[in-house]
S.K.: 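Below: one structure in C-alpha cells.
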Number of protein chains: 4
Amino acid sequence: MSTLIYVADELAYPIDWDPTEYRYVQIANHIEKQIQDGVLTEGAALPAVPALAEEYGVARMTIKRAVEILVERGLVTVLRGRGTFVRRRG
Amino acid sequence: MSTLIYVADELAYPIDWDPTEYRYVQIANHIEKQIQDGVLTEGAALPAVPALAEEYGVARMTIKRAVEILVERGLVTVLRGRGTFVRRRG
Amino acid sequence: MSTLIYVADELAYPIDWDPTEYRYVQIANHIEKQIQDGVLTEGAALPAVPALAEEYGVARMTIKRAVEILVERGLVTVLRGRGTFVRRRG
Amino acid sequence: MSTLIYVADELAYPIDWDPTEYRYVQIANHIEKQIQDGVLTEGAALPAVPALAEEYGVARMTIKRAVEILVERGLVTVLRGRGTFVRRRG
DNA sequence: GTGGTCTAGACCACA
DNA sequence: GTGGTCTAGACCACA
C-alpha cells in the first residue's frame with residue numbers, strides 16, 4: 001500500500017529575518033502561515049528536515065525546534081522514520 | 001566542506017587604558033589596529049568572546065559592544081554559532 | 001538583597017550508562033532521584049549547566065534536554081540568568 | 001583543546017563481492033585490512049556513515065553492522081556525535 | 001530515507 | 001555568570 005502525498009519543494013513566501021525574534025519561532029510562524037493559506041494542505045508532508053534547513057539557511061537542530069512548536073500548536077504530526085505531516089489548518 | 005582558518009590565541013599588542021574613553025571603544029580600536037596591521041587577516045576568526053573578555057579584563061557585554069562597533073565599521077562579520085570573522089582591512 | 005542557597009558540587013550517586021536509553025532521560029532520572037532522596041532539597045540550586053555537563057560527561061545541549069524534562073515533571077524551575085532551582089520533592 | 005585528525009576521503013582498495021559472505025562482514029574485513037596496512041592509522045577517523053554507505057553501495061544500516069563488528073574486534077571506537085576512530089592496528 | 005540524539009563550541013539575553 | 005540559541009556534522013532508531 002502506498003499513499004500519494006504532496007511535498008513542498010520550496011518556500012512559498014520569502015522570509016525576512018527579524019533579528020529581535022528567535023529564528024525557530026520565525027520559521028514556525030512562517031510554516032504556520034503556509035498552512036493557514038492552504039499552501040500546505042491537510043495530510044501534506046512538510047519538506048524533509050535537511051531540505052528545510054537548507055531553504056531557511058539554518059542548522060537541522062533549528063528546524064527541529066520549529067517543528068516542536070508546530071506540534072505544540074497542533075498543526076503537524078511527526079511520524080518517526082516517515083516524515084512530518086499537516087494535521088489541520090490553523 | 002570545511003576551511004582551515006587562523007585563530008588568534010592572544011593579544012598582539014598591549015592595551016593601555018585611557019580613562020577618558022569608553023573601554024569598548026578602546027577595544028574596538030585595538031582590534032581594528034590589528035586588522036590594519038595584518039595581525040588579523042581577512043577571513044581570520046577573532047578569539048572567542050570569553051577569551052577576549054579575559055584578555056582585556058572586561059565583562060563579555062563589553063566585548064559584545066566592541067564587536068558591534070567593528071560590525072558597524074564593516075570590519076568583521078558575526079556568524080551566529082560559528083564565530084566572528086575579519087571581513088577586510090580597515 | 002541576597003539569598004544563601006545550597007549548590008551541589010558533585011554527583012551524589014554514580015550513574016551507570018544504559019546504552020538502550022537516551023542519555024538526557026537517564027540524567028533527568030538521576031537528578032530526580034537526588035531530589036527524591038533529599039540530596040537536592042527544595043529551593044536548592046542545581047549545579048550550573050557547564051558543571052553538570054562535565055560531571056555527566058555530555059555536551060551542554062544534553063543537560064538542557066534533561067532539565068526540560070525535569071521542568072515538565074514539575075521538579076525544577078529555571079530562572080533565566082540566575083539558575084535552576086528545585087521546586088519540590090518527587 | 002582540539003586535535004587535527006586524518007580523515008579518509010575514499011576507499012583505498014576496490015572491494016570484490018563474494019556472494020557467499022554477508023556484505024557487512026566483507027566491509028568489516030575490508031576496513032580491517034586498511035587498518036592493518038596502515039592506510040587508516042591509529043586515531044584516524046573513518047569516513048562518515050553516509051559516505052561509507054555510498055562508497056560501498058549499501059544501506060547505512062549495513063555500515064552500522066560492519067562498524068559493530070569492528071568494535072567487537074577492538075579495532076575502532078565510536079564516539080557519539082563525533083565519529084568513529086581507529087583504536088589500534090589489527 | 002525519515003526524524004532523533006549528541007557533540008564541541010560559538011555568540012545571545014538576562015540579572 | 002546564569003541559561004538560551006545556534007552551527008555543522010557526527011551516529012542512532014525507525015519504517
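Every chain is numbered from 1, with letters handed out A, B, ... down the list of sequences.
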S.K.: Taking 4.0 Å as the cut-off, does a side-chain nitrogen or oxygen of C:T62 come that near to OP1 or OP2 on E:dT7?
M.R.: yes
S.K.: Taking only Lys NZ, Arg NE, NH1 and NH2, and the carboxylate oxygens of Asp or Glu, determine whether B:E32 and B:R73 approach each other closer than 4.0 Å.
M.R.: yes
S.K.: State which residues pass salt bridge (Lys or Arg N to Asp or Glu O under 4.0 Å) with C:R23; sequence neighbours excluded, sorted by chain then number.
M.R.: none
S.K.: Who pairs with A:R60 by salt bridge (Lys or Arg N to Asp or Glu O under 4.0 Å), at least two apart in sequence or on another chain?
M.R.: none
S.K.: Start at the 5' end of DNA chain E and walk down; is the nucleotide closest to A:G83 or to B:T84 reached first?
M.R.: A:G83
S.K.: It should be established whether C:Y24 places a side-chain nitrogen or oxygen under 4.0 Å from OP1 or OP2 of nucleotide E:dC6.
M.R.: no
S.K.: Under the salt bridge (Lys or Arg N to Asp or Glu O under 4.0 Å) test, which residues partner C:E54, sequence neighbours left out?
M.R.: none
S.K.: Report, one pair per line, the protein and nucleotides 13-15 of chain F atoms (nitrogen or oxygen only) whose separation is under 3.5 Å.
M.R.:
| from | atom 1 | to | atom 2 | distance (Å) |
| --- | --- | --- | --- | --- |
| F:dA13 | O4' | A:R80 | NH2 | 3.3 |

S.K.: Could you check whether A:V58 gets within reach of a base, just the sugar-phosphate, or nothing at all, counting any heavy atom under 4.0 Å?
M.R.: sugar-phosphate
S.K.: Sequence neighbours left out, what passes side-chain contact (heavy atoms from CB on, under 4.5 Å) with D:K64? Give chain and number order.
M.R.: D:E68
S.K.: Quick one: closest heavy-atom pair of B:V67 and B:V76, and the distance?
M.R.: O-CG2, 4.2 Å
S.K.: Stem ranges for DNA chain E, with three or more consecutive Watson-Crick or G-U pairs under 3.5 Å?
M.R.: E:1-14 with F:1-14
